Amino acid sequence: PGLEQQQQQHQQQQQQQQQEPAAPNGAHHHNQNHNQSNPGAPTALALPVFLSTTPTPTTTTAAERYDRRHQQNADDDASGRGGTAGNVLDHVLAAMHTFYESDKLIRCGCLVLHNLSLREANIPHLLAAGVAGPLERAARNHKDHDVQRSAASTLRRLGLPLMAHA
């Protein structure tokens, strides 16, 4: 077809599109039947084309989430805020102070403090938060000897001696 015929086909397509009812949900599409008047014309435009303005949800892998948390912890360490470890520490110490008579809670609290102390970057935050008192009480008074040893070990890792009286 010549240039003149192509222009006429284009004008006819535009007129047909203007006459079409709007697609549901604001989607736009081409009429599948617009090339019936010219059977030899290419049919690539005859397929419906849907345009969506709704973003597709992104999924992240466990490794990506781990990397993001690890980077956040590194950023928190660099800024001196303590980040997630600081938040956990605050809550653990508050629970150990409030529920000091609960052997189970003190055992869990000592375990968390022990685990936090394994990361060198957490040690200044542990010292600043005042973990010595709760750890000393657990090392001296807890009925479970494993908890006593764990608390004493954590105190040593932090460079804090077990005081003669707590």
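Here the structure is a predicted model, which is why all the values come from computation and not from measurement. When reading the values below, keep in mind they use all heavy atoms of this one structure, side chains included, and skip hydrogens, waters and symmetry mates.
The CG atom of Asp146 sits 9.5 Å away from the CZ atom of Arg107 when rounded to the nearest 0.5 Å. Here Leu155 contributes atom CG and Leu135 contributes atom CG; the two are 4.5 Å apart, rounded to the nearest 0.5 Å. Rounding to the nearest 0.5 angstrom, the gap separating the CD1 atom in Ile106 from the CZ atom in Arg137 is 7.5 Å. Going from atom OG of Ser153 over to atom CG of Leu158 covers 9.5 Å, rounded to the nearest 0.5 Å.
The two residues His125 and Ala121 make their nearest non-hydrogen contact at CD2-O, 3.4 Å. The shortest non-hydrogen separation linking Ala139 to Ala151 is N-CB, 3.8 Å. The minimum heavy-atom distance linking Ser150 with Cys110 is given by the pair OG-O, 4.5 Å.
For the side-chain hydrogen bond (donor to acceptor under 3.5 Å, both in side chains) test, residues two or more places apart in sequence or in another chain that qualify with Arg157 are His114, Ser117.
Hydrophobic clustering (side-chain heavy atoms under 4.5 Å, transitive across Ile, Leu, Val, Met, Phe, Trp, Tyr) keeps Val147 apart from Leu105. Clustering ILVMFWY residues whenever any of their side-chain heavy atoms sit less than 4.5 angstrom apart, transitively, puts Leu111 in a cluster other than the one holding Leu126.
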Could you pull out every donor-acceptor pair under 3.5 Å between side chains of residues 93-100 and any protein atom, sequence neighbours left out?
from, atom 1, to, atom 2, distance (Å)
Thr98, OG1, Ala94, O, 2.8

| query | So Leu113 and Val92, side chain to side chain contact (heavy atoms under 4.5 Å, CB included) or not? Walk me through it. | reply | CA-CA 8 Å; Leu113 295 177; Val92 167; 4.3 Å; yes

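Within the 4.5 Å cutoff, the side chain of Asn122 has no heavy atoms near those of the Leu89 side chain.
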